[in-house]
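Basis for what follows: all heavy atoms, side chains included, without hydrogens, waters or symmetry-related copies. Whatever order the structure lists ligands and atoms in, that order sets their numbers, starting from 1. In what follows, residues are counted from 1 in the order of the sequence shown.
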Amino acid sequence: MEDHAKTNTLLENADALARSRLSQKRYGHTLRVAATAGDLARVHGLDEDRIRLAALLHDAAREIRPGEFLRLADEWDLPIGEPERQSPKLLHGPVAAELARRELGVDDGEVLEAVRAHTTGKSLMGPLALALYVADKIEPARAYPSVERLRALAREDLHAAAAESLRRAIDHNEQRGRPIHPASRETLEWLEADHTAQGRVEQ
Ligand SMILES: [Fe+2]
Ligand SMILES: [Fe+2]
């Protein structure tokens, strides 16, 4: 009972944090990702509340200014690599996770991991993080040629959907001559190897 009340409070606070920090448009995206992630949780037998919490938080730091990202990351001792120096908005996941920990007291390691890893992916990411990564790419307002296939795949196999989505993101950036974050390549390699070895995501 107490746990349930605590979860509801966290969900409400995460929603309020996102609403207060984001434009209408991005808050709308956040709610759609939360609904999509909730659906994926039901399909794959994951904890719906925890994934909704991660989804509500995932982009909460997205509208922070570039200089402020670097300042906060520095102040909070978050890892800053060359890609993050070049494009500080890559820090919006790690900064959102840290905000959630500091301001809302979120201490669920898998929820924080999902928030942290949602932009580039991370090898060995757990099912919650995989589901959030995929939900972010297939929420109902996303429109690109392969999105319907990805939506269907996400209900079948989260590993395969995340791998497909990463391949797409990497191709997209390569075609535009943009750098590929090393974590994205590592995640894809891990997913491809892991997927052949294990077949499916473990619950
Ligand atoms: Fe994001
Ligand atoms: Fe997002």
Exercise for the section: Taking both backbone and side-chain atoms into account, decide whether H92 has an N/O/S atom under 2.8 Å from the Fe ion (ligand 1). Expected result: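 True for H92.
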Problem - Residue D136, metal the Fe ion (ligand 1), N/O/S under 2.8 Å - result: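 No.
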Handout entry: E75, CD atom: more than 12 neighbouring heavy atoms under 6.0 Å
Key =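 Yes, the 6.0 Å shell around CD holds more than 12 heavy atoms from other groups.
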Handout entry: Geometric class of the F69/H92 ring pair [parallel <30°, tilted 30-60°, perpendicular >60°]
Key =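 It falls in the tilted class, 30° to 60°.
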Handout entry: Any side-chain donor near an acceptor of the partner, H4 and D49, under 3.5 Å
Key =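 No, D49 and H4 have no side-chain donor paired with an acceptor closer than 3.5 Å.
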Problem - Identity of the N, O or S atom of H58 lying closest to the Fe ion (ligand 2) - result: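 Going through the N, O and S atoms of H58 one by one, NE2 ends up nearest to the Fe ion (ligand 2).
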Practice task
Flag this pair as yes if the NZ/CZ of K137 is under 6.0 angstrom from the six-membered ring centre of Y133 and inside a 45 degree cone about the axis; otherwise no.
Solution key: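 Yes, cation above the ring, under 6.0 Å and within 45°.
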Handout entry: Opening angle at the Fe ion (ligand 1) [NE2, H118; OD1, D59; to 10 degrees]
Key =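 Between NE2 of H118 and OD1 of D59, the angle at the Fe ion (ligand 1) is about 90°.
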